[in-house]
Amino acid sequence: MKALKQTSSTGMNRREFALAATATALAALPLNGLAATKDEHGGPVIITTWDFGPGANDVGWPVLQSGGLAIDAVEAAINHVELLPDEFYVGFGGVPNEIGETTLDAMMMWGPTHDVGAVGCLKRIKRAVSVARKVMEETQHSLLVGDDATRFAVRMGFEETSLTNLRSQKFWEAWVAKNKESSAWDPEPIGEQRPLEGHDTVGTMAVDAQGNIGVGCSTNGRNFKLPGRVGDSPIAGAGAYCDNEVGAAVATGNGDVMMRFLPTYHTIELMRAGATPAEATQAAIKRITDKGYSFDGGLVALARNGEHGASKQGWENNKFRYAVRNGSGSQHILVKP
Ligand code: SD4
């Protein structure tokens, strides 16, 4: 990984470095408060947002079960959703922007080292979260955007291809027949946010059998956004965050509002101070509503000990679910207000 790449003189490859860093990080954990020893964790466990969550977890779980790294399980689970042909809000064929182009935001974070890789407004590349991982592992940077992120992906061996399919083309044509411009040109006063039409960002987090934590997310953003718009998903602490001593959190919903409050970072810090995942997600959402915002959004958190919880704001009450897979089986949990 890049942080280690800079100091490397041992001849180890990056994956070996990642594992070595993990061992070092775990050995360095203090034995008090929420910090756990290597043996005190709730893994393996994997959690994914929304209704594609169970299917995504089914892909990530075998990675964890066979002793694989949390970050590999997270990437596999998210790739599964990115490549689903009928998923409208993640990956190719997804909701286009104002000028009919589908662009993607994605991020990965690795708990032992705090390494982050992300892409914003990525064009013409299908597996955005895997490009984010390449940013994390192959460079010293954290976020690449737009056509330059595409060029980077091509350099990393990804195929450049259209992200439009018949469904997304027709969706845009129907919209453009009725609308002159994106509704994003019309700033919403605080407290008057319109319901979020485009939603369903995939956020996945996992604790592996070694107690390492990884998190990732991937999205098309929102319907008919302005060209160049980057949402909360590729921003560390906004779309997702993790810390090996505490746990992980992911966000979904109105990123243009939520990113102002870094709600996943906030959630992790509340958990570090002793809150449960449910309490922490609730308090992080309350921080936003206390400022007067009425938005559609949700947060899901996973503690290092395997405890999980979530909160939501807006959305109908039977809408927002997340899926959990661990040694006891699978659950698909409805998040109540
Ligand atoms: C964004 N947060 O780009 C994403 C959209 C989303 O559920 O999560 N929708 O604003």
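Here the structure is a predicted model, which means the values were calculated and not measured. For ligands, and for the atoms within them, numbers begin at 1 and follow the listed sequence.
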If we only count N/O pairs under 3.5 Å, is [X] in contact with ligand 1?
| X | value |
| --- | --- |
| A251 | no |
| T219 | no |
| D256 | no |
| D105 | no |
| W50 | no |
| G253 | yes |

Only distances under 3.5 Å count here; give the side-chain donor-acceptor pairs of residues 174-184 to other protein atoms, sequence neighbours excluded, each with its distance to 0.1 Å.
{"from": "N179", "atom 1": "ND2", "to": "W175", "atom 2": "O", "distance (Å)": "2.9"}
{"from": "S182", "atom 1": "OG", "to": "A184", "atom 2": "N", "distance (Å)": "3.0"}
{"from": "S182", "atom 1": "OG", "to": "F224", "atom 2": "O", "distance (Å)": "2.6"}

Please check if the distance between the ring centroids of Y322 and W50 is under 6.0 Å.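 No, ring centres 6.0 Å or more apart.
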Run the side chain to side chain donor-acceptor pair (under 3.5 Å) test on N79 and S130 for me, step by step, so that the C-alpha distance in whole Å, both residues' side-chain angles and the decisive distance to 0.1 Å come before the verdict. CA-CA 8 Å; N79 279 166; S130 296; 3.1 Å; yes
Taking only non-hydrogen atoms of R229, do any sit less than 4.0 angstrom from ligand 1?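 For ligand 1, residue contact (heavy atoms, under 4.0 Å) with R229 is present.
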Hydrogens and angles aside, do K225 and N220 bring a side-chain donor and acceptor to less than 3.5 Å of each other?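 Distance-only check fails for K225 and N220.
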Between N57 and T48, does any side-chain donor sit less than 3.5 Å from a side-chain acceptor?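 Judged by distance alone, the side chains do pair up.
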Mark up the atoms of ligand 1 that fall under 4.0 Å of a heavy atom belonging to D232, in ascending order.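 Atoms satisfying the 4.0 Å criterion: 1 (C), 2 (N), 3 (O), 4 (C), 10 (O).
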If the threshold is 4.0 Å, N to carboxylate O, is there a salt bridge linking E160 and R124?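 Here E160 pairs with R124 in a salt bridge, since their nearest N and O are under 4.0 Å apart.
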